[in-house]
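Below is one structure, written out as structure tokens; comments come after it.
Residue numbers begin at 1 in each chain, while the letters A, B, ... track the order of the sequences.
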2 protein chains.
Amino acid sequence: MDTKTLCLGVISLGAASGYEIKKAFEEDGLNHIYHTSYGSIYPALTALTKEGLVVCSAMAQEKRPDKKVYTITEAGRGALLTALSAPPAEDKFRSDFLFTMFFAHLLPPQHVAKLLDERIAWYEGNLAKMESSQGCNAFVHGMGLAVYRSAADYLKSHRQEFLDHLSSADKLVAE
Amino acid sequence: MDTKTLCLGVISLGAASGYEIKKAFEEDGLNHIYHTSYGSIYPALTALTKEGLVVCSAMAQEKRPDKKVYTITEAGRGALLTALSAPPAEDKFRSDFLFTMFFAHLLPPQHVAKLLDERIAWYEGNLAKMESSQGCNAFVHGMGLAVYRSAADYLKSHRQEFLDHLSSADKLVAE
DNA sequence: GATGTATATATCGTATAGATATATACTGGA
DNA sequence: TCCAGTATATATCTATACGATATATACATC
């Protein structure tokens with residue numbers, strides 16, 4: 001799913017600026033589903049405009065920087081439908097944290113404990129945010145909640161076991 | 001977590017070739033935790049060798065292409081420890097599928113049903129593979145299992161509800 | 001008065017993903 | 001038997017993506 005499609009999707013829900021598209025991937029229903037950055041969004045919007053899939057209208061704002069609002073065209077709706085009809089790529093979970101835990105035996109136990117606690121807090125913080133906002137698509141929102149909840153639950157219920165396992169393995173090495 | 005660190009981590013568990021490092025991120029315990037490609041691995045191995053963090057020994061093989069086996073150095077173990085001690089980035093879940101489901105109202109219902117069934121099968125297939133292999137790190141392996149299981153369970157238990165919701169929303173539009 | 005956050009666009013360099021090229025050997029089906 | 005597909009193995013190329021940075025204004029907070 002390239003950035004052009006991501007932008008087109010957001011704009012299909014209503015005219016938006018690059019800044020607002022970025023926010024949609026941070027706050028709104030798209031959070032934790034896909035990620036993107038200004039470095040990809042702005043060039044994508046320029047390309048979409050050139051291809052006639054969106055139109056741009058500059059908006060002068062009082063007390064705010066000028067805003068460029070992009071609106072989807074009929075051709076844009078067609079292109080979005082085509083892109084969404086292609087077989088979706090595999091779901092990918094990427095975790096610096098789990099990679100680090102894979103090598104926890106190399107790290108001081110108190111550092112591992114700190115990392116575990118921080119990640120539990122991170123998941124719980126996100127869960128609280130997600131639970132308070134209902135998201136625009138209940139099915140997608142619910143899936144995010146289910147996955148994050150299981151991650152938080154797993155970390156909480158296996159934290160001590162893992163730390164115990166690490167320290168007992170350490171003792172064996174010391175012997 | 002850059003590719004150099006990913007390679008260094010795998011090599012720290014035992015000497016490995018670029019091909020074997022790739023496999024570690026596809027089959028072994030690192031599957032579903034982090035992803036990388038030859039386009040990143042081979043340049044990373046070259047850089048690691050130049051920096052003296054790994055050493056390369058060419059291995060001629062009978063009936064197989066030559067293999068370059070990389071072994072970690074003491075400096076490499078130090079560099080790995082330093083990299084693992086840095087604060088880990090946020091966990092990121094990226095799903096073409098969920099992004100598509102976010103716009104399910106634009107797609108034919110039977111196509112949405114097909115996508116749901118395929119994704120359920122995909123999660124269940126992965127779960128079966130993960131359950132049969134025990135992984136080298138029980139904690140990390142267990143987290144992967146927990147998350148995938150919750151994803152599969154969620155999709156199975158909300159599939160029909162979602163499809164019903166889509167068709168009823170469709171009827172409202174038609175009226 | 002200084003610092004931080006929010007709004008808003010844009011670009012730059014590096015890193016990454018994914019496809020492709022090359023080569024050999026084995027396996028399974030038509 | 002031949003052909004296609006899969007597995008082993010390295011390497012590179014291009015397009016894209018990420019993350020940091022620059023710029024500018026306004027507002028809140030300390």
Side-chain angles (χ1 to χ4, degrees), chain A residues 1-8 10-11 15-28 34-51 54 56-70 83 86-94 96 99, chain B residues 1-8 10-11 15-28 34-51 54 56-70 83 86-92 94-96 99:
Chain A
M1 209 66 93
D2 63 359
T3 309
K4 272 158 57 177
T5 306
L6 298 179
C7 291
L8 217 42
V10 174
I11 296 168
S17 65
Y19 185 76
E20 286 162 347
I21 291 169
K22 177 83 193 303
K23 271 206 302 182
F25 286 96
E26 277 167 354
E27 291 170 16
D28 292 349
Y34 232 100
H35 312 87
T36 191
S37 64
Y38 291 131
S40 303
I41 292 170
Y42 285 113
L45 289 172
T46 304
L48 287 170
T49 305
K50 272 185 198 160
E51 293 167 31
V54 299
C56 172
S57 57
M59 274 198 164
Q61 290 189 118
E62 277 171 42
K63 305 195 177 180
R64 288 267 173 275
D66 284 4
K67 209 175 174 177
K68 288 186 181 175
V69 177
Y70 295 85
E90 294 186 353
D91 288 2
K92 280 184 185 172
F93 182 65
R94 150 175 306 205
D96 261 39
F99 185 81
Chain B
M1 209 67 88
D2 63 0
T3 309
K4 271 159 56 177
T5 306
L6 299 179
C7 291
L8 218 42
V10 174
I11 296 169
S17 66
Y19 185 76
E20 286 162 347
I21 291 169
K22 178 83 194 304
K23 273 206 302 184
F25 285 96
E26 277 168 354
E27 292 169 16
D28 293 349
Y34 232 100
H35 312 87
T36 190
S37 64
Y38 291 131
S40 304
I41 291 171
Y42 286 113
L45 289 173
T46 305
L48 287 170
T49 305
K50 271 185 198 159
E51 292 167 31
V54 298
C56 171
S57 57
M59 274 198 164
Q61 291 188 116
E62 278 171 41
K63 305 195 177 181
R64 285 266 173 276
D66 285 3
K67 208 174 174 177
K68 288 187 183 175
V69 176
Y70 295 86
E90 292 186 355
D91 288 1
K92 279 183 186 174
R94 148 176 307 208
S95 174
D96 261 39
F99 184 80

Contact state string [nucleotides 11-18 of chain C, B base, S sugar-phosphate only, - no protein heavy atom under 4.0 Å]: B----SBB
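Atoms OH (Y70(A)) and C1' (dT9(C)) sit 9 Å apart, rounded to a whole Å. The interatomic distance linking F25(A) (CZ) with dC18(D) (C1') rounds to 15 Å, in whole Å. What separates NZ of K22(B) from P of dA11(D) is a distance of 15 Å, to the nearest Å. Between the C1' atom of dA8(C) and the CD atom of E20(A) lies a distance of 10 Å, rounded to the nearest Å. Rounded to a whole Å, the CG atom of L45(A) is 14 Å from the P atom of dA8(C).
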Show the numbers, then the answer: is there a side chain to side chain contact (heavy atoms under 4.5 Å, CB included) between C7(A) and L45(A)? CA-CA 7 Å; C7(A) 291; L45(A) 289 172; 4.3 Å; yes
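Between F99(A) and Y34(B), the ring-plane angle classifies as perpendicular under the 30° and 60° cut-offs.
From L48(B), atom CG reaches atom CD1 of I11(B) across 6.5 Å, with rounding to the nearest 0.5 Å. Here NZ of K4(B) is found 12.5 Å from OG of S40(B). Values are rounded to the nearest 0.5 Å.
Not one N or O on the side chain of D96(B) forms a donor-acceptor pair closer than 3.5 Å with the backbone of P88(A).
Contacts of Y42(B) classified as ring pair (Phe, Tyr, Trp, His ring centres under 6.0 Å), with partners at least two apart in sequence or in another chain: Y38(B). For E27(A), there are no salt bridge (Lys or Arg N to Asp or Glu O under 4.0 Å) partners, not counting sequence neighbours. For S17(A), the side chain to side chain contact (heavy atoms under 4.5 Å, CB included) test picks out Y19(A), E20(A), K67(A), with sequence neighbours left out.
Side-chain N/O atoms of S17(B) include none lying less than 4.0 angstrom from OP1 or OP2 on dT8(D). Phosphate proximity of dT8(D) to Y19(B): present, with a side-chain N or O under 4.0 Å from OP1 or OP2.
Pairs of residues two or more places apart, or lying in two chains, never qualify as salt bridge (charged side-chain N to carboxylate O under 4.0 Å, His left out) while including a residue from residues 34-48 of chain B.
Residue K23(A) is classed as a sugar-phosphate contact, given heavy-atom separations below 4.0 Å to backbone atoms only.
In the helix from dG1(C)-dC30(D) to dA30(C)-dT1(D), the rotation axis of the first five pairs and that of the last five pairs differ in direction by 40°, rounded to 10 degrees.
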